[in-house]
Amino acid sequence: MSDKTMKIVLSVLTSILLVLIVCLFVFKGGSNKTDLNKLALRIGELRQYRTMGRADVNTYMEKAFSRVGYNVVTATEDNLYPSLADDSGVNFYVRGYSPFNELKTNKNAVNVVYIRDFETLYPEELDAYDGIATSSHDFYNYVIGAGYAALYLPEFTDPSVFYPSVKPELERNLLFVGDNNRHSPAIAMALEAELPLEIYGRFWQGMIDDEFVKGEYIHDNDLNSYFSSAKINLVNVATHESEIGIIPSRVFDIAASKGFMLAPYNKEIEAVFGDSIPMYKDAKELKALYNEYINNPELRAQKAEKAYRIAVAEYNVDAFVQRLNGLVDFLIKEKKL
């Protein structure tokens, strides 16, 4: 082979090699490319546990994110990283009482965690995310002080599901809706005060006198009517929720249904709802409030109306998504995505 031919062959081979290298980088870059209009809603609980009181909240978020233009892929703890969500430009992790069994984030996307309830949190867990949204005002102050990009984001309601709908046949004096999945100060105090409590929820039978348990489940389509029709709704606020300033989503649902409610003392409920939700610290105070309001429908209606206006105007699911998007937009600029 002549020198000229050899040079031509080497030149061709070099060109082919360069093309292959370029293709390799293009392919590699393409495989990591994310779509900022695609949001993965990664929920830290198992799909089969998405029942009354929590599954609904996740569904409302899915719909609200879709309404603002996101292509939403929902994943739960049983399959938190489906291939369909690999190119999601926004990953919204909903962190419950316990940490995720497995936590992976994408450096080419925005990764935000919503800490709605927790027992323990570790710095390495928080450091995995670009931004932290939390329903605890106290925890928000902590993470802001620690230098994290953070957002105070209280729970919310969906006014298309929870709205006033009074049905006389559903009227009762004192209603509680919720599962017996942890200690309930509200139930303990109501029983101590010997109030005419009616409970709908799982895991109560056999744990308290069966006379108080009226059923295990109320369908989503009927919940608002139960809340609207009860003279008094009893709200459970766990001790740790009161300590760290979390308002349970059920408070917003009852308020949006224009239901009157009593709640264990919670400083954040007081900060958001003022005096529209009377609160108590022990069974004696609960009994006094019950006696004050049970035969005073006008006063109950005034309080319920005030709470209704606050919940629907400021704490609806679309406002929740808009607030979150503010943090997402900030992080997109910060990461130069």
Side-chain angles (χ1 to χ4, degrees), residues 33-44 57-75 85 87-96 100 103 105-118 121 125-160 244-249 251-253 255-256 268-269 271-273 309-337:
K33 188 176 182 181
T34 57
D35 180 359
L36 292 174
N37 291 316
K38 189 172 186 178
L39 181 142
L41 182 58
R42 304 186 192 271
I43 301 164
V57 174
N58 299 328
T59 300
Y60 309 152
M61 282 193 288
E62 292 169 9
K63 293 180 179 179
F65 282 124
S66 296
R67 283 196 290 271
V68 298
Y70 282 112
N71 174 15
V72 183
V73 178
T74 302
D87 63 341
S88 297
V90 180
N91 292 291
F92 188 43
Y93 293 79
V94 181
R95 205 271 204 193
F100 290 95
L103 179 58
T105 55
N106 185 346
K107 66 180 180 179
N108 296 311
V110 169
N111 305 284
V112 176
V113 63
Y114 182 41
I115 301 171
R116 59 160 39 131
D117 195 357
F118 59 89
L121 284 167
E125 182 183 354
L126 298 181
D127 290 342
Y129 305 102
D130 302 308
I132 299 167
T134 175
S135 57
S136 165
H137 203 278
D138 286 357
F139 188 67
Y140 165 75
N141 288 334
Y142 165 75
V143 291
I144 280 289
Y148 294 97
L151 174 68
Y152 172 53
L153 197 60
E155 295 274 1
F156 56 85
T157 188
D158 188 337
S160 71
I244 60 178
I246 289 176
I247 305 176
S249 60
V251 171
F252 298 104
D253 295 340
E268 208 58 40
I269 291 178
V272 169
F273 287 97
R309 293 182 181 277
I310 293 170
V312 171
E314 301 178 42
Y315 298 96
N316 62 76
V317 65
D318 292 297
F320 175 95
V321 167
Q322 289 168 11
R323 291 170 183 148
L324 178 70
N325 268 343
L327 177 60
V328 170
D329 289 342
F330 168 78
L331 293 172
I332 287 174
K333 293 176 183 176
E334 284 289 299
K335 297 188 73 171
K336 297 180 173 58
L337 296 176

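- Side-chain contact check for V317 versus K63: every heavy-atom pair is 4.5 Å or farther apart.
- Of all non-hydrogen atoms in D87 and K33, the two that sit nearest each other are CB-O, 3.8 Å.
- Residues V272 and Y315 meet the side-chain proximity criterion, which asks for heavy atoms closer than 4.5 Å.
- Minimum heavy-atom separation, S66 to V72: OG-CG2, 3.5 Å.
- Between F92 and Y70, the distance from one ring center to the other does not fall under 6.0 angstrom.
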**Study point:** Verdict with supporting geometry, V90 and V112, side-chain contact (heavy atoms from CB on, under 4.5 Å)
**Key:** CA-CA 8 Å; V90 180; V112 176; 5.8 Å; no

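- A distance of 13.0 Å separates CG of N71 from CZ of F65, quoted to the nearest 0.5 Å.
- The minimum heavy-atom distance between V312 and N316, with the atom names listed, is O-ND2, 3.0 Å.
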Check your understanding: Would L324 and Y114 satisfy side-chain contact (heavy atoms from CB on, under 4.5 Å), going step by step from the backbone distance to the final call?
Key -> CA-CA 9 Å; L324 178 70; Y114 182 41; over 6 Å; no

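- The two atoms that bring R323 and E314 nearest to each other are NH2-O, 2.8 Å, heavy atoms only.
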Practice item. Evaluate side-chain contact (heavy atoms from CB on, under 4.5 Å) for Y140 paired with I132, printing each intermediate quantity in order. Key: CA-CA 8 Å; Y140 165 75; I132 299 167; over 6 Å; no

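- Smallest separation of non-hydrogen atoms from F156 and D253: O-OD1, 4.0 Å.
- Without hydrogens or angle criteria, K38 side chain to A85 main chain gives no donor-acceptor distance under 3.5 Å.
- Using modelled atom types, no side-chain atom of S249 and backbone atom of E155 make a donor-acceptor pair closer than 3.5 Å.
- Shown are N111, D130, T34; of these, the side-chain hydrogen bond (donor to acceptor under 3.5 Å, both in side chains) with N91 is made only by N111.
- Taking CD1 from I332 and CG from L327, the interatomic distance works out to 10.0 Å, rounded to the nearest 0.5 Å.
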Practice item. Any chance you could lay out the side-chain contact (heavy atoms from CB on, under 4.5 Å) test for N58 and T74, step after step, and finish with the verdict? Key: CA-CA 9 Å; N58 299 328; T74 302; over 6 Å; no

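- Between F252 and F273, the distance from one ring center to the other falls under 6.0 angstrom.
- More than 12 heavy atoms of other residues, nucleotides or ligands shown are found within 6.0 angstrom of CZ on R67.
- To the nearest 0.5 angstrom, S135 atom OG is 11.0 Å from L151 atom CG.
- With a 6.0 Å radius and a threshold of 12 heavy atoms from other residues, nucleotides or ligands, Y142 has its OH atom at or below the threshold.
- Taking CZ of F320 as the start and OG1 of T157 as the end, the distance is 12.5 Å to the nearest 0.5 Å.
- Atoms OH and CG, from Y148 and L126 in turn, are 4.5 Å apart once rounded to the nearest 0.5 Å.
- Rounding to the nearest 0.5 angstrom, the gap separating the CD atom in E125 from the CG atom in L103 is 7.0 Å.
- Across A256 and A311, no two heavy atoms sit closer than the pair N-CB, 4.2 Å.
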